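Beneath this line is the structure, given in structure tokens, with notes to follow.
In this text the structure is predicted, and so the values were computed from the model without any measurement. Reminder, nothing fancy here: chain letters follow the sequence lines and each chain counts from 1.
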Amino acid sequence: MRHRRPFARRSGVACFVVLVTVLGGVSRAAAQEGVRLGITYRPGFVPALALTDVQTDGAFAAVVAAIDSILARDLDFSDRFEMLPVPDSLVVGSGINYGLWNQLGAVWLVEGTLTVNGGRALLRVGLHDVVYGSLKNVQAFTLPPVASPGFRMAVHRISDAVVEWAIGEPGMAASRIAFSRRAPDGTSDLYVIDSDGTGIRRVTFQNALVFSPAFSPAGTHVLYQYQSNSGDESAIYETELAGGGSRVVASGRQLYLTPTYSPDGTRIMYARSTGRGTEIFEVERAGGRPRAVTSTRAGDAVGPTIARDGRRFAFTASATGAPQIYVQGEAGTRPQLISRFVRGADSYATSPDWNPRDERIVYQARVQGRFQIVAVNANGTEMRLLTAEGRNEDPSWAPDGRHIVFASDRAGYRGLWVLDTVTGRARNLVRKHDDRLPDWSGPFADDE
Amino acid sequence: MRQTVRWTALAGALLFGIVACGSNPPPDVEPATDEALPAESPGPDPAELAEAAARSICEQAATAARQGDYERARRLYDEAISEYAGTDCARGAGAQIARIDAIETIQERIHFAFDRAELSNEAVAVLDRKVDVLRSHPNVQLTIEGNCDERGSIEYNFALGMRRAMAAKNYLVGLGIAEDRLRTVSFGKERPLDPGHNETAWALNRRDDFIIPNPNAL
């Protein structure tokens, strides 16, 4: 192996290990258990990747420039690579000089060629393993016209393919984030934005209280909580993003909130108030009779998130008096507490989201009086603090199971942020609006 | 203040009388002035003047009540009673004051401890006062709106707000108020009374609001 740059990204973001000891009762109690809740990022080896300009015959310079910039940003935002600056003098011709790229420190090299035949744009992309001096993978992708709405997403999918070829794990470029934006008049509506922060668009026009969006697995539909401004109407809606058609999933005189899909998209869970508190209900997406799946009786159970196995789910409940995170198996089985509850301490944990690829659950917990994002395994082990500055809320996993999006005021203004839970690198996604309750979609498929 | 209101009303009534008297003057007569008014003219009936003044006060009071300025409305009705006894307005003012008292009793907020939905002793006393009014006005409906301070999470606060609304509803139902008269809703932390970020604001914002959707039933 000739990996000369085992810790390539030295910028201080990647390799820092900060142990933030949690003060107050939580830390004292935790210390007694021999556990500390701290921020620890250990990214390990980050391979350097060189992305060369896409080659073409000259008539499609604008298209190529768009492709180059989208690919560069996506591969950077994947946080899987150290992006290597490519000197202008280095042009990829007919052959790849692996020795030269090796000298520059590249581990991976990405090159592409755009051809247009009969109005169809074909982008052939190759990934080279510079260390072994071989072509790792190559594929031709059909691209829609650059002005069409699907163009950027098509390029995002190519970025994700490169990540998958190089790392063997999915990317998250071809995905979107839905969130609730509060207008100055106090009403909220839903917006959707691409994972790279472009293409923002408003998707509901209720001018009412619209919260808690949740993408369908294919990303074609969004569930949300609707409440009229007078409070008279409360419902769970499902809206189709492309056509804009909506239907009522559940409604009535009770309060309906926090909807979510099962990973296979066939079921919907949501919380509904009862006479005494709030319980979680489940209904087939095709319709039918909703059934209660929690029985906290006097507590408030809200915010379900379903495991990738489709059976277990995590939720917030206040059985102890303070809201905490629980995991439950089949309906009627006993819920297990997985957040750290200390009686009498300033203990408050809500808003869980189950990782789409593994057993980790992220949620928000009060730490030293402010909300921070915490990750923990579904069995309560390996608790990690992911944020420490500002107020951080409502996390949602990316389809790569590695990044999260959340609402934060860490920069002195409200906005949505994306955090890589491996390196600790954070980027601002949307800023200077009162944007809340983000939900990260799954991967957007080809037939969008 | 009382005097101001009274004189404003009287002046208004006088002006009304003058305009009414001058409505049919001979075309060649000089413009009417105070001196030009013949002393022996019958003039407006003092009782009618008082009635007009009181009517004006009652209208102002009704407007104030509609706008939720119950203090001003109550003061104006008191004025009508003490200064314009015998007028229609004064005769109805007592009932109007009782109505305002009833509205204020029903609308009086209750407050909660942080992250709790249990009723405090103070809240129970406030609710007990509502029961009397609700019993004597059986057609009055009530929407109970639960609210939270800004410190909790958005979604959980909707549930907590609902539990705060239910706590009040269940107490009222326990005292015999029909369940179908009471509606519970939650606004979570979306409708703060005080936008501040301190304990005073938070304490104010952890509350139930009581809205009468059909105020004419009172």
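Within the 4.5 Å cutoff, side-chain heavy atoms of I154(B) are placed close to those of L437(A). Taking the side chain as every heavy atom from C-beta outward, P323(A) and D115(B) approach each other to under 4.5 Å. Contact check for D232(A) versus R183(B): side-chain heavy atoms found under the 4.5 Å cut-off. Looking only at side-chain heavy atoms (C-beta outward), F187(B) and L209(A) come within less than 4.5 Å of each other. A heavy-atom distance below 4.5 Å is not found between the side chains of Q227(A) and E190(B).
In this structure, the portion of R191(B) lying under 4.5 Å from any heavy atom of chain A is its side chain and not its backbone. For N229(A), the parts lying under 4.5 angstrom from a heavy atom of chain B are both the backbone and the side chain. In this structure, the portion of S228(A) lying under 4.5 Å from any heavy atom of chain B is its backbone and not its side chain. With a 4.5 angstrom heavy-atom cutoff, R391(A) touches chain B only via side-chain atoms.
Options G303(A), G275(A), G369(A) differ in how many heavy-atom pairs under 4.5 Å they form with chain B, and the most are formed by G275(A). Ranked by heavy-atom pairs under 4.5 Å with chain A, the first of V185(B), T143(B), I211(B), N170(B) is V185(B).
Of the inter-residue distances, the one linking M166(B) atom CE with R276(A) atom CZ reads 10.5 Å to the nearest 0.5 angstrom. With rounding to the nearest 0.5 angstrom, the CE atom of M162(B) is 7.5 Å from the OG atom of S234(A). Once rounded to the nearest 0.5 Å, the distance linking CZ of F158(B) with OG of S273(A) reads 12.0 Å. Note that CD of Q254(A) is 6.0 Å distant from OG1 of T184(B), once rounded to the nearest 0.5 Å. Here the straight-line distance linking atom OH of Y156(B) with atom CD of Q364(A) works out to 12.5 Å at 0.5 Å rounding. With values rounded to the nearest 0.5 angstrom, L257(A) atom CG is found 11.0 Å from N157(B) atom CG.
Residues R436(A) and E155(B) are not paired through a salt bridge, judged by the lack of any N-O separation under 4.0 Å between the basic side chain and the carboxylate.
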